[in-house]
Amino acid sequence: MAGAENISTIAAIRFGYGLSPDQPAPRDAQALLSQLDEPDSAAARWPLRGTEFMRQQMRDMYAAQKAQREGDPTPQTRIRATRDILNTQVLNGLRAQLARASLSPQGFRERLPYFWCDHFTVTAKNTVTATAPDAFAKEAIRPHLTGTFAQMLRAAVTHPAMLMYLDQTRSIGPQSAFAQKHKKVGLNENLGREVLELHTLGVSAPYTQTDVREFSKLLTGLGFNAQQGFAFHPNWAQPGAELVLGRHYGGETPAKLSDIYAALDDIALSPATAHHLAHKLAVHFVADQPDPDLVAHIASAYSAHNSDLRATYAAMLEHPAAWVPLGGKARQPWDFIAASLRAINPPAALIDSLDDKKTRSRFYAPLRAMGQSYHKPLGPNGWAEDATAWITPQALATRINWSMRMAALHERHLPDPRQFVQTALGDAASPTLVQAAARAESKREGIGLVLASANFNRR
Amino acid sequence: MTHPPVRPISRRLFLRSASLIGCSAAAWPLLSPVTFASAPGDERLVVIILRGAMDGLDVVRPIGDPDYATYRKPSLTDGKTGPALNDFYALHPAMSDLMPLWTAGELGFAHAVATPYRDKRSHFDGQDILEAGTGLDVLEPQVRDGWLNRMLQAVPDLKSDTAYAVGRDEMKVIEGPAPSMSWAPKTQLRISDQSQRLLERVYEEDPLFHAAAQEALEISARLEAEKTAEKNGMARLPKIKGQGADLAAFAAARLREDTRIATFSIGGWDTHRNQRNVLAGRLSDLTGAILALKSGLGRDWGKTTVLAMTEFGRTARENGTAGTDHGTGGALIMAGGAIRGGRVYGHWPGLADHALFEQRDLMPTADVRAYAAWAMRGMFGFEKGLLESTVFPRLDMGDDPRIIA
């Protein structure tokens, strides 16, 4: 295993997207935290589309489909045009996020939204909402990276992408005013369950099916559609107060969005949530089996600072267990590809302005073959963390193939592999790897060897 | 420390498996090999994990139950019953292509089954418990391997490719100390000889990477050789479309060779909304997978048992969004020439409100693990004691339903 001991190397690889020939590695914990206080230049340079864009596409598509149903033959081209826009836009999002990850000087700041977007996994259920995960990252996660978790939770649970993904947009209180007039409407427990199980308390916390049911009733009223955007509909809400985890929420008529916020705020501050989030942070950044003392330390800072996330990260970064030698984790495919690009450091245009075909063949398809289909995790629990889930024979074969191909991104100026191994890994490169890199048959294969190595694929 | 006889190649592959549990050979073997009546021989077992909780009530429809129609309206069923299996049950229309198998006794079901998991209805805990094969609500921390792996640990003459996980999803059901292979269709490692030598040296420092790379090299070489052989005159099978069928076709090709146990997963069963369309799509994918197994296995289909299992069932009642929420009791799908099909096994609990689990879900009347255990006993001759203690800890297999012909 790698076992780098240089603080700066650990800071760049464990908490960022790795080393770059172009940018100095963060010196220490303080330097990582300072990234969060600087202007968010990467988001400004490589923007993502938000909910407004998605609503526009939805309206265009629905109008075209409606016209088609009514017998107008022309909309077929409009439907196709909208699909083309959306397909390109998904790739635009991929290019922007990959450029941020691989080129931003603020590596830690870029790892955080990845972590939180995975924590609050959303995927698009159809082509017309294909950009929903981008809107979610932009609006629900990024603005709240250094605020409180309670604020992020409100934003995430009520974001259109989440409401659509976990079926809240049609969940209606069974005794609501709306349900009295419309048959075949009613409750859907999907979001209510996952908020408690995945987003906050964690599955081992002592909540019950009744809590899930009551919390789902409390969530009724949240809605989203292309015309109106997000809206709270009091007439969809289940009347009466709901008893969730021992406390009553709501009960007045008309029901209010603030009742939902009140419950989310309380749940955010539960000790179970503190522990669950602390454990997830430690697992994601430090080790598949993290030091319990590190987890406890993060959790207590989270609670002491009322879910303030900057203070929570600071607690993680100040604990000695966060600075043990590298190698406890496997880089996930996204992390691996971004780190490779960071080490290769190609002209930005080869990432942010790549054409769609090459974006597919270099990034989109390989991510899938490495087991991490872009924007498409299998379920709301997001991606696996264990190294063993990623380093399978079939996925490693893809990483090796990709590594050998991507040296070509250097174009005509391939660096010497003996130099590249230092650029990419610093003191995280083992002597065996340093030796092997020097013995490759060609520069291209030497660089491929470094990227495919266990040293580079671990962190 | 005693090992069962292991060929050199398995020894290498064992490294990857051992690193999964973070310890060395101490965990191997849990049991002595004498318990296996015969080597896997010619029998083949395919386990398909249906991730997301398949709605058993909608797949094997109890149309003879007086309460069924009150729960399942056309908003879910589209008003179509589907082909009749017998006087009481009908099959979901999206699986109609499997009716010839039903008639031939090569398709069967067990209804109202579940793992021992109750109450919280979490997909992820539910799948972990299904794949671990354990008997508790919360996974026993010491059980880090899957039940297929614990079965393999009892196989005396285990070859490196006796067992295969197919696809890109993690398959905990087969992970553990006993060796198994893992590969995805349409994958091929391409690397120069010199790079291969250097990479092997570099990976020697890291057991996880070392074992995965060795396996990748070995499988790639074998597939390349088979491809060449195929070009030299072997007949190509007509291709069935779909992701499930792709996985199944690859699995079938392995099972025609030395592989006897294969597993893969099909996802997307979490039908909270618009179940009518979503479930039909999933079922036609599964149907394609079963047909691709039959077609790919050729005459070996007669010695094959396929078990398609899910983490739990769904609510008896429709929810507010033309779907169903997480439930408890569900259905097991069985296929293959080795089974005694053409029947729906199990004890039907009824759908009256008081008969439901927590007045909401189909009441489980049997442990789904018991069917898997009886299949293993029927096919491979494992002793009951072994199945009830080691493969499925604390399972009571009950009476033999005689699902294997």
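Below, chain A is the first sequence line, B the second, and so on; all start at residue 1. We use all heavy atoms of the structure for the numbers below, so side chains are in, but hydrogens, waters and symmetry mates are not.
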Next item on the list: Name the region of B:Leu199, side chain, backbone, both or neither, that has any atom closer than 4.5 Å to a heavy atom of chain A.
Entry: both
Next item on the list: Would you mind checking which part of A:Ser453 comes under 4.5 Å of any heavy atom in chain B, side chain (CB onward), backbone (N, CA, C, O), both or neither?
Entry: both
Next item on the list: Considering only heavy atoms and a distance below 4.5 Å, find which of A:Ala369, A:Gly379, A:Ala395 pairs most often with chain B.
Entry: A:Ala369
Notebook entry, point to check: Roughly how far, to the nearest 0.5 Å, is CZ of A:Arg193 from NE2 of B:His123?
Noted result: 8.0 Å
Next item on the list: Under 4.5 Å heavy-atom distance to chain A, tell me which part of B:Glu204 shows up: side chain, backbone, both or neither.
Entry: neither
Next item on the list: Report the distance from atom OG1 of A:Thr392 to atom CD of B:Glu170, rounding to the nearest 0.5 Å.
Entry: 9.5 Å
Notebook entry, point to check: Checking A:Arg213 against chain B: side chain, backbone, both or neither under 4.5 Å from a heavy atom?
Noted result: side chain
Next item on the list: Output yes when a side-chain donor or acceptor of B:Lys120 lies under 3.5 Å from a complementary backbone atom of A:Val203, and no otherwise.
Entry: yes
Checklist line | Pair listing, salt bridge (Lys or Arg N to Asp or Glu O under 4.0 Å) test, anchored in residues 160-180 of chain A, at least two apart | finding: A:Lys125-A:Asp167
Check: Do you know which of B:Val202, B:Thr187, B:Thr321 has the most heavy-atom pairs under 4.5 Å to chain A?
Finding: B:Thr321
Item checked: Among the listed options A:Ile400, A:Leu378, A:Thr208, the residue most often paired with chain B at heavy-atom distances under 4.5 Å -> A:Ile400
Check: Hey, which of A:Ser373, A:Ala440, A:Ala452 has the most heavy atom pairs under 4.5 Å with chain B?
Finding: A:Ala452
Check: To the nearest 0.5 Å, how far apart are CG in B:Asp125 and OG in A:Ser204?
Finding: 8.0 Å
Next item on the list: Evaluate the side-chain contact (heavy atoms from CB on, under 4.5 Å) criterion for residues A:Glu445 and B:Ser192: first the C-alpha distance (whole Å), next the side-chain angles of each, then the deciding distance (0.1 Å), finally the verdict.
Entry: CA-CA 9 Å; A:Glu445 290 196 9; B:Ser192 74; 2.8 Å; yes
Next item on the list: With a 4.5 angstrom heavy-atom cut-off, could you sort out which part of A:Leu198 is near chain B: side chain, backbone, both or neither?
Entry: side chain
Check: Of all heavy-atom pairs between B:Leu189 and A:Ala397, which one has the smallest distance, and what is that distance?
Finding: CD1-O, 3.7 Å
Margin query: Working to the nearest 0.5 angstrom, can you tell me the gap between B:Ile191 CD1 and A:Leu449 CG?
Written below: 8.0 Å
Next item on the list: Check step by step if side-chain contact (heavy atoms from CB on, under 4.5 Å) holds for B:Arg360 and A:Gln209.
Entry: CA-CA 11 Å; B:Arg360 114 183 213 132; A:Gln209 172 61 35; 2.8 Å; yes
Note to self: Using heavy-atom distances under 4.5 Å, tell me whether A:Ala384 contacts chain B through its side chain, its backbone, both, or neither.
What the structure shows: side chain
Note to self: Please rank B:Thr324, B:Ile219, B:Asn319 by heavy-atom pairs under 4.5 Å with chain A and give me the top one.
What the structure shows: B:Asn319
Next item on the list: Would you check if the side chain of B:Arg201 reaches a backbone N or O of A:Ala436 as a donor-acceptor pair within less than 3.5 Å?
Entry: no
Margin query: Could you go through B:Glu205 and A:Thr432, starting from their C-alpha distance and side-chain angles, then the distance that decides it, and tell me whether this counts as side-chain contact (heavy atoms from CB on, under 4.5 Å)?
Written below: CA-CA 9 Å; B:Glu205 298 179 320; A:Thr432 315; 2.6 Å; yes
Checklist line | Gap between atom CD1 of A:Ile391 and atom OH of B:Tyr203 - 0.5 Å precision | finding: 8.0 Å
Next item on the list: Write down the atom of A:Asn401, the atom of B:Gln188, and the distance for their closest heavy-atom approach.
Entry: ND2-O, 2.8 Å
Check: Are any non-hydrogen side-chain atoms of B:Arg168 and A:Thr398 less than 4.5 angstrom apart?
Finding: yes
Item checked: A:Glu197-B:Ser122 side chain donor-acceptor pair, cut-off 3.5 Å -> yes
Notebook entry, point to check: Which pair of non-hydrogen atoms, one from B:Ala216 and one from A:Pro393, has the smallest distance, and what is that distance?
Noted result: CB-O, 3.6 Å
Next item on the list: Please name the pair of heavy atoms, one in A:Gln394 and one in B:Gly167, separated by the smallest distance, quoted to 0.1 Å.
Entry: NE2-O, 2.6 Å
Check: Should A:Arg458 and B:Leu208 be marked as a side-chain contact (heavy atoms from CB on, under 4.5 Å) after you check the CA-CA gap, both sets of side-chain angles, and the distance that decides it?
Finding: CA-CA 11 Å; A:Arg458 288 211 180 251; B:Leu208 178 67; 3.6 Å; yes
Note to self: With a strict 4.5 Å heavy-atom criterion, list every residue of residues 177-190 of chain A that contacts chain B, or say none.
What the structure shows: A:Lys184, A:Val185, A:Gly186, A:Leu187, A:Asn188, A:Glu189, A:Asn190
Item checked: Nearest-0.5 Å distance that lies between atom NE2 in B:His210 and atom CG in A:Leu396 -> 12.0 Å
Margin query: Run the salt bridge (Lys or Arg N to Asp or Glu O under 4.0 Å) test against A:Arg418 and tell me which residues pass, sequence neighbours left out.
Written below: A:Asp416
Checklist line | Atom group of A:Ala437 that falls short of 4.5 Å from chain B, counting heavy atoms | finding: neither
Margin query: By the salt bridge (Lys or Arg N to Asp or Glu O under 4.0 Å) test, which pairs, at least two apart or in different chains, include something from residues 366-387 of chain A?
Written below: A:Lys329-A:Glu385
Notebook entry, point to check: So do B:Arg273 and A:Thr169 actually touch side chain to side chain, heavy atoms under 4.5 Å?
Noted result: yes
Check: So, B:Gln194 side chain and A:Ser442 main chain: donor-acceptor pair closer than 3.5 Å or not?
Finding: no
Notebook entry, point to check: For residues A:Glu441 and B:Ser195, is any side-chain donor paired with an opposing acceptor at under 3.5 Å?
Noted result: no
Notebook entry, point to check: Does any heavy atom of chain A fall under 4.5 Å from the side chain of B:Asp169, the backbone, both, or neither of them?
Noted result: side chain
